[in-house]
Undergrad: 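Take a look at this one; I'll ask things after.
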Amino acid sequence: MAEEKSLNFIEEIIDTHLREGVYSSIVTRFPPEPNGYLHIGHASSICLNFGLTKRFPGYTNLRFDDTNPVTEDTEYVESIKEDVRWLGFEWKHERYASDYFDQLYAFALTLIEKGLAYVDDLTAEEIANQKGTPTEPGVNSPYRTRSVEENRDLFIRMKNGEFADGAKTLRAKIDMGHINMLMRDPILYRIKHAHHHRTGDAWCIYPMYDFAHGQSDSIEQITHSICTMEFVPHRELYDWLITQLAIYPSHQYEFARRNINYTVTSKRKLLQLVQDKKVAGWDDPRMPTISGLRRRGYTPESIREFCDRIGVAKRDNLVDVGLLEFCVREHLNRIALRRMVVFDPVKVVLTNYQGEEWLSSENNPEDPTAGQRQIPFSREIYIEREDFMENPPKKYFRLAPGQLVRLKSAYIIRCEEVIKDQQGAISEIRCTYIPESKSGSDTSGISVKGTLHWVSVPHAVKAEVRLYDRLFNVEDPTDESQDFMHYLNPASLEVLPQVMAEPSLLDINPGDRYQFVRKGYFVLDKDSQSSHLVFNKTVGLKDGWTPSKG
RNA sequence: UGACCCAUGGUGUAACGGUAGCACUACAGAUUUUGGUUCUGUCUGUUAAGGUUCGAAUCCUUAUGGGUCAACCA
């Protein structure tokens, strides 16, 4: 029996509701605004909302909160749907706040009839000035006392396009002295003569978030409307509108958004990175977007596991990106096939070896069913320049003059001689191999501490490798002591234009993931062509050794 | 100088008045044809002060610290 995992506070609320019969099943929703790409922070919300209805009876809707036509676009709708599906979730209904524009308009009229909303002629600036501050009450608008008839007439004319953008708004009539600033006659509708990605030019007035979100929840009979903590003060208005309209009582619950160090998760900041060309696009592998992580080689399983491990709570947090990396390593270690690639090659000549042969090597030592592959071996091979030292420290297990080392899945070799060019750089290492040490049939009786990856020179396939590092140099780029752009890591991308790869890598497809032995996990990028392979580094292997520790 | 939210190792998260646990990180050791993986072990924590109670991380009070709120954004 698997150990019972403890519930997070939201699961506990739902568990109680179900046990006490408040609900017999639940409905949740994931409500993105289609004005940007989904990022790792959204993944938490997606896993939470969809995860809830996997654990408990009920279903989850995907609802686009598309009430601001000037920032929204179908490009984002498509990317969001792709990302949610890629993460492994399927929604029950695909809905849009714009589906409800007629209903919302009717709700507004209801409020007007009840004397709970009025048309205001004040400008944005005037409204702001009369709003007061958190410690001082606001003042009433001079238009606050208009009659129901006048309000109805004006609002209909707003809808009919008789007024210019910004000329009028519809406001709830609540209390300009309310301690909660959101209750100080919040704007419900504004005029925007803008083309909407779904409703086209049918409307020139659009509801504000507070007059769309809760009502949409109610229309869909969402039982548990889950959002982040900054919406806590909105809950009072959310409840007020539902009460006044006497519609299905959805309820809002808040959890703390997940922050991750060395990156930013704000659509505005991510958009700025894209627009300022600091990255190659929304799906740049350095971006914390779902599409960026996908291109980086992350698996949906690893992201779900990450979201599961960081949990759900109400306190502020800054999650270590190292945990995300742990999760992807854990998964990739199980599924990624092993391949050998030499990044910074130096030639090794085996002076006592003639001809060539094909050697067998396991595809994945963690998974026997992954089988074996054949690798060509010959008299001249490449090894990593950093795997040789002329004057090694004490516990250096790699190649050094007179030292023995195993070539992975091949033979044990001994370094006999070092050849240098005129500048003194090592141009070639001469070794002898031990014929009876062949991998799988070793009768040499020799044991060595180090094993190196290698690639046969005449069979080597050239490829490009893109090495990624954290996008920012500091844990919290949003600390606001400086603009976050100042913290950009100038070395977040390093391109290796020509690495040497084993030939089995020639026949693979974009999205295929591998472990390059002793290097890390890599994925074939979509920029690849059959004549030019491009690999993205997903994450390195955990590195337990550094020269200083030797 | 208002209201609201929050406070458990370096990080994230449990403990629902009854032994502060798990994971990541770090460190040490074993195994290893990847200095990977795997296995074992070690370090580190209830913001503070009062109160209630046989007993408090948990309930109450105050303080302290952090966050949020004054977009015709969501």
Side-chain angles (χ1 to χ4, degrees), chain A residues 3 5-8 12 31-33 35 65-68 70-72 97 120 122-125 127-129 131-136 138 165-171 178-182 184 187-192 205-206 208-210 212-213 227 229-236 254 256 258 261 267-268 309-327 329-330 333-334 338 340 361-362 365-366 395-398 405-410 412 437 439-440 442 447-453 515-520 540-546 549-550:
Chain A
E3 202 151 300
K5 205 176 162 264
S6 59
L7 303 179
N8 66 48
E12 236 163 273
E33 183 189 11
N35 68 345
D65 232 332
D66 55 349
T67 57
N68 186 0
V70 301
T71 59
E72 294 155 7
D120 198 344
L122 257 27
T123 65
E125 192 182 2
I127 289 177
N129 288 338
K131 196 99 184 181
T133 70
T135 54
E136 299 165 289
D165 285 8
K168 287 180 166 44
T169 57
L170 181 73
R171 291 229 258 168
H178 201 107
I179 200 74
N180 181 349
M181 303 229 11
L182 283 156
R184 319 241 265 227
I187 294 170
L188 269 20
Y189 267 92
R190 76 285 216 196
I191 301 171
K192 275 180 197 277
I205 56 171
Y206 293 94
M208 297 287 290
Y209 165 83
D210 286 302
H213 199 100
C227 62
M229 294 291 284
E230 61 267 31
F231 290 97
V232 169
H234 291 253
R235 191 175 61 229
E236 192 170 10
E254 311 88 8
R258 323 311 300 185
N261 60 11
K267 278 195 271 189
R268 203 207 99 238
R309 284 181 184 248
I310 62 181
V312 175
K314 299 182 83 157
R315 63 186 93 108
D316 295 331
N317 60 82
L318 187 60
V319 181
D320 194 337
V321 69
L323 184 61
L324 216 206
E325 294 176 342
F326 167 82
C327 292
R329 274 195 204 101
E330 183 187 49
N333 178 51
R334 292 202 313 269
R338 311 295 124 121
M340 293 201 284
S361 185
E362 74 272 10
E366 306 299 314
K395 289 176 76 177
Y396 188 74
F397 299 160
R398 309 177 188 181
V405 89
R406 171 168 297 276
L407 295 176
K408 171 76 181 167
S409 298
I412 293 173
S437 69
S439 182
D442 187 347
S447 75
V448 294
K449 298 288 281 214
T451 300
L452 307 185
H453 62 284
Q515 183 197 105
F516 291 174
V517 175
R518 299 211 304 139
K519 298 306 258 185
L541 259 22
K542 198 174 147 194
D543 194 2
W545 184 85
T546 52
K549 279 168 65 182

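A, B, ... follow the sequence lines: proteins, then strands. Residue 1 opens every chain.
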Undergrad: Expressed as a whole number of angstroms, how long is the span from A:H453:NE2 to B:U34:P?
TA: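 Going from A:H453 (NE2) to B:U34 (P), I get 13 Å.
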Undergrad: For A:T71, answer base if it contacts any base atom (sugar-phosphate contacts may also be present), sugar-phosphate if it contacts only those atoms, and nothing otherwise; contact means non-hydrogen atoms under 4.0 Å.
TA: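 Result for A:T71 = nothing.
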Undergrad: Using whole Å, report how far CD of A:E325 lies from P of B:G36.
TA: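 Distance, rounded to whole Å: 17 Å.
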Undergrad: Tabulated below should be each protein N or O lying under 3.5 Å from an N or O of nucleotides 37-41 of chain B; please produce it.
TA:
{"residue": "B:U37", "atom": "O2'", "partner": "A:N333", "partner atom": "ND2", "Å": "3.2"}
{"residue": "B:U37", "atom": "O2'", "partner": "A:E366", "partner atom": "OE1", "Å": "3.1"}
{"residue": "B:U37", "atom": "O2'", "partner": "A:E366", "partner atom": "OE2", "Å": "3.3"}

Undergrad: Starting from Watson-Crick (N1-N3 plus N6-O4 or O6-N4) and G-U wobble pairs under 3.5 Å, report the runs of at least three that RNA chain B belongs to.
TA: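 RNA chain B forms these stems: B:2-7 with B:64-69, B:10-13 with B:21-24, B:26-30 with B:38-42, B:47-51 with B:59-63.
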Undergrad: Would the base of B:U34 count as contacting A:T451 through its side chain, where contact means a donor and an acceptor less than 3.5 Å apart?
TA: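 Not at all, since no donor on one side and acceptor on the other fall under 3.5 Å apart.
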Undergrad: Starting at CZ of A:R171 and ending at P of B:A71, how long is that distance when rounded to a whole Å?
TA: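 So the two atoms are 12 Å apart, to the nearest Å.
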Undergrad: With sugar-phosphate meaning primed atoms plus P, OP1 and OP2, does A:R184 contact a base, only sugar-phosphate, or nothing at under 4.0 Å between heavy atoms?
TA: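 No contact.
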Undergrad: Return the value, rounded to whole Å, for the distance between atom CG of A:D320 and atom P of B:G9.
TA: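 In whole Å, B:G9 P lies 15 Å from A:D320 CG.
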Undergrad: Heavy atoms under 4.0 Å, any strand shown: does A:V312 hit a base, just sugar-phosphate, or nothing?
TA: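 Counting heavy atoms under 4.0 Å across all strands, the contact made by A:V312 is with sugar-phosphate only.
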Undergrad: A:K192 side chain: which of B:C72, B:C73, B:A74 is closest?
TA: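 Looking only at heavy atoms from C-beta outward on A:K192, the closest nucleotide is B:C73.
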Undergrad: Looking at A:D120 and A:R171, is there a salt bridge between them, counting it only when a charged N and a carboxylate O are closer than 4.0 Å?
TA: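 The answer is yes: the pair qualifies as a salt bridge.
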Undergrad: So that I can tick it off, tell me whether A:R309 and A:E330 are bridged by a salt bridge, with the cut-off set at under 4.0 angstrom between side-chain N and carboxylate O.
TA: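 Counted as a salt bridge, because a side-chain N and a carboxylate O are separated by less than 4.0 Å.
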Undergrad: Listed by chain and number, what are the side-chain hydrogen bond (donor to acceptor under 3.5 Å, both in side chains) partners of A:E325, not counting sequence neighbours?
TA: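 If we apply the side-chain hydrogen bond (donor to acceptor under 3.5 Å, both in side chains) test to A:E325, skipping adjacent residues, there are no hits.
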Undergrad: At under 4.0 Å, does any side-chain N or O of A:T67 touch on OP1 or OP2 of B:A74?
TA: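 Answer is yes, contact under 4.0 Å.
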Undergrad: Quick check: any donor-acceptor pair below 3.5 Å linking the side-chain of A:R518 to the base of B:U34?
TA: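 Such a pair does not exist between side chain and base.
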Undergrad: Is a salt bridge present between A:D442 and A:R406, judged by a nitrogen-to-oxygen distance below 4.0 Å?
TA: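 The answer is yes: the pair qualifies as a salt bridge.
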Undergrad: Between A:Y209 and A:H234, how do the two ring planes meet: parallel, tilted or perpendicular, split at 30° and 60°?
TA: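 It falls in the perpendicular class, over 60°.
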Undergrad: Rounding to an integer number of Å, can you tell me how far A:L182 CG sits from B:A71 C1'?
TA: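 Answer to the nearest Å: 11 Å.
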Undergrad: Base, sugar-phosphate or nothing for A:Y206? Non-hydrogen atoms, less than 4.0 Å.
TA: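 Nothing: the residue A:Y206, judged by heavy atoms under 4.0 Å, touches no strand.
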Undergrad: Please find the pair of heavy atoms, one from A:P233 and one from A:N180, that lie closest to each other, and give the distance.
TA: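 Where A:P233 meets A:N180 most closely, the heavy atoms are O-ND2, 2.9 Å.
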Undergrad: Give every pair of a protein N or O atom and an N or O atom of nucleotides 58-64 of chain B that lie under 3.5 Å apart, one pair per line with the distance.
TA:
none

Undergrad: What I want to check is whether the side chains of A:N35 and A:E72 have a donor and an acceptor closer together than 3.5 Å.
TA: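 Judged by distance alone, the side chains do not pair up.
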Undergrad: With a 4.0 Å cut-off on N to O distance, would you call A:E254 and A:R235 a salt bridge?
TA: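 Counted as a salt bridge, because a side-chain N and a carboxylate O are separated by less than 4.0 Å.
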Undergrad: Just checking A:P365: base, sugar-phosphate only, or nothing, at a heavy-atom cut-off of under 4.0 Å?
TA: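 Base contact - A:P365 has a heavy atom under 4.0 Å of at least one base atom.
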Undergrad: Give the nucleotide from the list B:U11, B:U34, B:G12 with an atom nearest to the side chain of A:R258.
TA: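 Ranking B:U11, B:U34, B:G12 by closest atom to the A:R258 side chain puts B:G12 first.
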Undergrad: For A:L170, answer base if it contacts any base atom (sugar-phosphate contacts may also be present), sugar-phosphate if it contacts only those atoms, and nothing otherwise; contact means non-hydrogen atoms under 4.0 Å.
TA: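 The answer is nothing, as A:L170 stays clear of every strand by at least 4.0 Å.
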Undergrad: Could you state the CG-P distance from A:D165 to B:C72, rounded to the nearest angstrom?
TA: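 Nearest whole value for this atom pair: 14 Å.
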Undergrad: Name the nucleic acid region contacted by A:I412, choosing base, sugar-phosphate or nothing; use a 4.0 angstrom heavy-atom cut-off, strictly under.
TA: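 Nothing, no nucleic acid heavy atom in range.
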Undergrad: Considering only nitrogen or oxygen atoms on both sides, find all protein atoms under 3.5 Å from nucleotides 18-23 of chain B and state each distance.
TA:
{"residue": "B:A23", "atom": "O2'", "partner": "A:R309", "partner atom": "NH1", "Å": "2.4"}

Undergrad: Compare the minimum distances between each of B:U33, B:G35, B:A74 and the side chain of A:Y396, then state the nucleotide with the smallest one.
TA: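 Of B:U33, B:G35, B:A74, B:G35 is nearest to the side chain of A:Y396.
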Undergrad: Determine, step by step, whether A:I191 and A:I205 satisfy the side-chain contact (heavy atoms from CB on, under 4.5 Å) criterion, reporting the C-alpha distance in whole Å, the side-chain angles of both residues, the deciding distance to 0.1 Å, and the verdict.
TA: CA-CA 4 Å; A:I191 301 171; A:I205 56 171; 4.0 Å; yes
Undergrad: Which pairs, protein N/O on one side and nucleotides 1-6 of chain B N/O on the other, fall under 3.5 Å?
TA:
{"residue": "B:G2", "atom": "N3", "partner": "A:P134", "partner atom": "O", "Å": "3.3"}

Undergrad: Under 4.0 Å between any heavy atoms, over every strand shown, what does A:E254 touch: base, sugar-phosphate, or nothing? Just pick one.
TA: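 Since no nucleic acid heavy atom lies under 4.0 Å of A:E254, the category is nothing.
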